[in-house]
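Right, one structure below, let's go through it.
Hydrogens, waters and symmetry mates play no part in the numbers below; they use all other heavy atoms, side chains included. No experiment lies behind these values; they were computed from the predicted model shown.
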Amino acid sequence: ISKRTLSKSEDKETLMEDASRARKKSLSKKTKESFASNEVEENDSVFVRLLKTSGLVLKTGENQNQLAVDQIIFQKKLLQSLRKHPSYPKVIEEFVDGLESYIEDHDSFRNCLLSCERLHDEEASMGASYSKSLIKLLLGIDILQPAIIKILFEKLPEFLFKTSSSDGINMPRLIFSQLKWLDRIVDGKDLTTKIMQLISIAPVYLQHDFVTSLPEILGDAQHADVGKELSDLLMENTPLTVPILDVLSSLRLDPTFLSKVRQLVMGKLSSVALVDLPVIIKFILHSITATNALEVISELRERLDLQHFILPSMFQASQIKLKITGASSSEYQEDDSPNCVMLLFDILKLTVRYEKIISEAWIKAIENIESKHKVLKDICPSILLLAQSLFHSQDQNIILFGSLLYKYSFKFFDTYCQQEAVGALVTHVCSGNETEVDTALNVLLELIRLNPSAMRLNAVFVKGILDYLDNMSPQQIRKLFYILSMLAFSKHEASSHIQDDMHLVVRKQLSSTIFKYKLIGIIGAITMAGVMATDRIISALTQRRDDLNNEQCTQVTSLLQLVHSCSEQSPRASALYYDEFANLIQEGKLTPETLEWIGPTVFNDFQDAFVVDLCVIPEGDFPFPVKALYGLEEYDTRDGIVINLLPLLFSQEFEKEGSQMTSQEPGKKLVSPLCLAPHFRLLRLCVARQHNGNLEEIDGLLDCPIFLTDLEPGEKLESMSLKERSFMCSLIFLSLNWFREVVNAFCRQTSPEMKGKVLSRLKNIVELQEILEKYLAVTPDYVPPLANFDLETLDVIPHSNSAASGKNRKTGKIGGRKRKADGSKAPSPDTLSKEDNSECDAVPTGRSQLEKELTGKEGKTSVSLQNYSAFFREVDIEVFSILHCGLVTKFILDTEMNTEATEVVQLGPPELLFLLEDLSHKLDNMLTPSFTKRNPFLKNKGNRNIGFSHLHLKSAPEVVHCVVQLLTPMCNHLENIHNYFQSLVAENHGEVDGPGVKPQEHHIMASCYQRLLQIFHGIFAWNGFFNLGYHNLLYSALEVLASRLKQIEHEQSLEELVSQSFNYLQNFHPSIPSFQCGLYLIRLLMVLLEKSTAPAPKKEKIASLARQCLCRAWSHGEKEKNSTFNEQLHDMLCIYLEHTDNVLKAIEEIAGIGVPELINSPKDASSSTFPTLTRHTFVIFFRVMMAELEKTVKGLQAGTAADSQQIHEEKLLYWNMAVRDFSILINLMKVFDSHPVLHVCLKYGRLFVEAFLKQCMPLLDFSFRKHREDVLSLLETFQLDTRLLHHLCGHSKIHQDMRLTKHVPLLKKTLELLVCRVKAMLVLNNCREAFWLGNLKNRDLQGEEIISQNSQESTAYESEGGTSSQLTKSKATEDGEDDEASDGEKEQYSDESDDNSD
């Protein structure tokens, strides 16, 4: 009994700490034995007698009172005894008097306050965690409670000022604890009054305990009264601030009352101790409402002295000494004070993180403080250091945040901090990291716009970047010179020294004989001229015309003349000058005066250099006959003009050895065909700017012919020398670039005549491209002449390793990049050598993509002109307005300007394909997110942007707006192509690719179809549509598609437009000519699906369309061995399985129907149901099905016992289907045992088993008894599958395939866990005897035993009588489950192990 009593006393320790400590000291076996003879209270009073009758025996001394019945039964019996007593209700008074007399003895009173002892028999039958004291049991009886409470409060004062007794019990706390957690308070108001009176006279340490106990004593009805009393006490008794606030936070009080208390507490913030601050702040924050959040937070920030957080240690110690002197516990130890600051910040952090109202209020309060930057001024170096670290991140958002830190540091801090910020940004610019350089230059540009006067003071730091131009891209150089020019060329004379330095740097660069530096000088000078001219235009808007700064106009003119004179002896430098100057004019940065000066000069120079009379016969010993080709009019030889291309190219290529010295003659101007296209671009922009877009002055260049030769190679191609073939390639490249610039110039002309000529030039471009491909196929080492002339172009020029290049290197032309046809060699041998050397140094890496494609192909391989895109002039985005053209009537005039004939011109499929391909590349470059455009390792990032410099003058929204305007004509073309393929289907009896189809025409139309879908996908997948500011663009685009089905009569919602657009686009599916087109169409529909608020029907339709693509036999180049087709097939299959409503059924259909058809078909045949499933594509189907199966079951929520029976059955059925699919798939490795298939089995087999453990086994735990047969069938099937996985592990080790064996350990571990988990499930369902363990033989994939292993199979298992057949089946099932797991678990459960198999 004594041992049991001690145990009960220890249980009581959790509720009454002091009492339990005393009980541990007093209740020993010896003490209880000494009182054993006289432990029962012998008293004949009503009190003792009724207690004994009800089941409680009072003990004397230090023995616990014994309770023979359950506590509730005792209370009921006592209540009935009192009510049925003959003298009721007087007996209540007698009972209470008896209690009062009994507790006059200190030991008896203590026993009544301590828990009663429970007898063994009662404890065994009733499972209460602890026993209540006699007083607490009596307080639970309503008719006794008021009298008992009165007695307790009368006894309490006797112990208030006494120290703890010898047994260590604190009587006031023990008495007060009797009132906690009562089921009912009879007279709450009276109890509240008594407690508050007691608190007012109690010592401080007891006051703290009594106050904190109030929420555990009083009911909700008394909360208001207690709150008022506590608020009054808060005014009088400061040391009780913490416990009072703690209690007020736990009470249900009126918000108005809490607001008053909060104001009261807020006024005491300055006087509270540091250790009390966390509780006070927590109360203030928890009393905040949405209406007063900002006001309270603002006041809190004003009143909360920051010294509390940064106090020196000595000041903290002095604060701690002000704590309550009467505290006897360890609550206020000095060692705890340093943690108070951390605790305070934790409170603030948690409230800001999880309370939205408070977090928003904090942000607004900080924003409303005007002088907040003054607080951060002292930590400016730390802020800049943080910004510097953020700049090194790979995440664009983090880099953006770092740039904001720099920007705001410069904006709000003083001059010193501004200087430090600019210095740090300059360091980033000079770092050489492209991302850092771009971002830092953007920040510097923003700072100039933000505070130009402050930036001028730091211009000297920015100027230092000029020493680090070598590793900067052209765009970065432009931006840097723009920044410096903004600082230098302003109205403030203080920046004149920067002007001088910039002029000095530009002149030095322009006069350099190193070609790269000359290009830098050209870019810098043109940028400077643009800023100077812009500043003058702004001045013209604010001043009278007579007051214009003529000196500045002279500076611009002289600077342009300087650039022209320094670049005229280098074709490439001249071409760059023309392009940069043209961009300057296009942006409208030049004044009319400058254009008036430059216009005639440009016109005359172009005419003198490249235009000759048609009647002038070219002189020279040309290797090919010179002919005027590609003229659009019948010219009279007397007054016609022609572009003098072939003679100019010949003079540089075939006669360069003999003409280099003569070209150096003084006064002789160098003319290179390389400058033809750039010079014309400058000319047409000058004319357009001067005549408001009218190009009549130069319209003769649109239809004039070119001096060429017969370009069709024919039979003579094989007999041509390498030099002749290279010459022809250069001739065609230059002609193409000329036509491209002509189309750029005249595409916006509105007259039908001009439109017809532009369409004719497009046809010429397509024809020349076809001819060029033939020449390139037999000239693998050829390097084209440049078309883009900035520094980035160097990175795509391939090295040459031909014999010709070796010959050139002997003569000093290192690198040989421009030895054939670039036309950029200056006439000076010295200049030429240095230019080529500098170019070689710029790109020391390997050959480009175009050489890789051609090397080793014996000159007979077709080439893709896309690999040569860097050598074509850029097509302006305005050119795509040609897509609006339908049939154009072109008038042919006679010599007297009368109509001689008419010709109908239209945009043909080849020309349409040319435009669509270029537009698709532009959208991919401009709209594709940056994280998807990462270049491979050691690849220059600028390569991607070559050929898109004009496009980048526009923003992404501007490009999207332009393309949205083109959606209507593109829909027309899409519908026309759809009708074309529909007609083919009709003509060929349901087949798109019947015998009557022309392959070339079919290919072009299919390519147009694909490009249109790509463009549509690029537009609607633009992430800018998530910005609300661009929703109008999205609406406009969707309205175009929706209006193709029916006229839009009223404003429609986004969902209606999306649905109609979806329906419009899905109608094109029957006519798609290729698998790739089908994939792009489905991807386009998926983009629309993302914007829909009702995706279910659209998702189902996408799955249906994807399945149709998989079930269709494709031809015309759709080969399963093609890696591109394999990737597309993988994507299509993923789309199908992700969007179908029943993944398991879809997998079962493919694996259970399609694969058997493939197995039974001939070697090169395919499945009849899924023609895309062949022996070559099987591994793709298999990998996707395994991955989607694992993904599906992993996403299924594990069942719980609380779920309904129907849910259990549904999930069990689902898992049966999943395991059946897994079984079908895993057994396929017996037929298809290639390495990729086995790798998929090992990888996804383990993942599926893990999902089975986590998601399915909990379901089987509580489904086993009700659905035993289903569970056994499931486990039996799964056991066979996991046994195959075990065989696969053995196969991998026997064949020592390291690619497979690396997956074996994890798989075996997972299988071991499965065995243990199944055993646990059987134990849970009282079927432990059904589990038995045996050794599994090691076998290969075909089930043949591996002879090298000495494994034996144990067949013994235990069975008890009466076991049902179901249980026996369960045993066999679980045994097999165990067997297949791994050899590792056999070592755990059996003495016989197959160690050799591992």
Side-chain angles (χ1 to χ4, degrees), residues 571-572 575 609-612 614 617-631 641-656 659 671-680 701 704-743 761 763-788 797 800 804 817-825 850 859 863 865 868-873:
R572 186 176 171 192
F610 304 107
V611 180
V612 297
L614 188 58
I617 300 176
E619 298 179 358
D621 186 15
F622 303 114
F624 308 103
V626 179
K627 297 181 180 180
L629 302 177
Y630 294 103
I641 60 173
V642 64
I643 301 299
N644 191 30
L645 183 58
L646 187 147
L648 288 176
L649 181 61
F650 174 78
S651 65
Q652 289 196 171
E653 290 299 315
F654 281 84
E655 294 184 354
K656 59 186 174 185
S659 65
V671 177
S672 170
L674 198 68
C675 299
L676 173 62
H679 202 159
F680 173 71
L701 296 174
C704 73
I706 310 175
F707 270 146
L708 299 171
T709 187
D710 290 329
L711 299 178
E712 278 293 344
E715 297 179 356
K716 64 180 180 179
L717 183 60
E718 296 295 333
S719 62
M720 284 186 182
S721 66
L722 177 64
K723 190 174 183 180
E724 290 174 339
R725 290 200 299 266
S726 298
F727 179 83
M728 295 297 289
C729 288
S730 297
L731 197 62
I732 298 173
F733 265 105
L734 293 171
S735 301
L736 279 170
N737 287 329
W738 164 252
F739 286 146
R740 280 171 170 255
E741 282 299 341
V742 167
V743 172
R761 287 307 182 204
K763 292 180 183 294
N764 297 150
I765 291 175
V766 174
E767 293 170 4
L768 284 174
Q769 287 185 164
E770 294 176 356
I771 296 173
L772 178 61
E773 288 177 351
K774 298 177 183 178
Y775 280 101
L776 290 175
V778 296
T779 318
D781 289 330
Y782 169 72
V783 181
L786 292 178
N788 303 282
I797 300 176
S800 179
R817 283 190 182 84
K818 309 174 81 63
R819 68 187 183 280
K820 293 185 179 69
D822 60 2
S824 66
K825 296 185 178 68
L850 70 100
V863 296
L865 291 183
Y868 293 83
S869 60
F871 302 99
F872 290 114
R873 297 288 290 181

Taking it one step at a time, do Phe610 and His679 satisfy side chain to side chain contact (heavy atoms under 4.5 Å, CB included)?
CA-CA 10 Å; Phe610 304 107; His679 202 159; 3.8 Å; yes
Is there a side chain to side chain contact (heavy atoms under 4.5 Å, CB included) between Leu645 and Leu708 once you walk through the steps?
CA-CA 7 Å; Leu645 183 58; Leu708 299 171; 3.9 Å; yes
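- Residues forming a side chain to side chain contact (heavy atoms under 4.5 Å, CB included) with Ser721 (at least two apart in sequence, or on another chain): Lys723, Glu724.
- Residues satisfying the side chain to side chain contact (heavy atoms under 4.5 Å, CB included) test with Ala609, not counting sequence neighbours, are Val671.
- In this structure, the ring-ring contact (aromatic ring centres under 6.0 Å, His included) partners of Phe739, at least two apart in sequence or on a different chain, are Tyr630.
- Side chain of Thr709 to backbone of Pro625: a donor-acceptor contact under 3.5 angstrom is found.
- Inter-residue side-chain proximity for Asn737 and Leu676 is flagged as unmet; no heavy-atom pair is nearer than 4.5 Å.
- Residues that satisfy the side-chain hydrogen bond (donor to acceptor under 3.5 Å, both in side chains) test with Arg873, not counting sequence neighbours, are Asp579, Glu741.
- Applying the side-chain hydrogen bond (donor to acceptor under 3.5 Å, both in side chains) criterion to Arg761, with sequence neighbours excluded, gives Asn764.
- Using a 4.5 Å cut-off on side-chain heavy atoms (C-beta onward), Ser735 and Leu768 make contact.
- Between the Tyr775 side chain and the Leu711 main chain, a donor and an acceptor come within less than 3.5 Å of each other.
- By the 4.5 Å heavy-atom criterion applied to side chains, Leu701 and Phe680 are counted as neighbours.
- The distance between the ring centers of Phe733 and Phe872 falls below 6.0 angstrom.
- Every side chain to side chain contact (heavy atoms under 4.5 Å, CB included) that Glu770 has, sequence neighbours left out, goes to Val766.
- When each of Asn644, Ile641, Leu648, Ile643 is paired with Val612, the side chain to side chain contact (heavy atoms under 4.5 Å, CB included) condition holds for Asn644 and for no other.
- Residues Cys704 and Val642 fail the side-chain proximity criterion, which asks for heavy atoms closer than 4.5 Å.
- Counting heavy atoms from C-beta outward, Phe650 and Phe727 have side chains that approach closer than 4.5 Å.
- Within the 4.5 Å cutoff, the side chain of Arg725 has no heavy atoms near those of the Tyr782 side chain.
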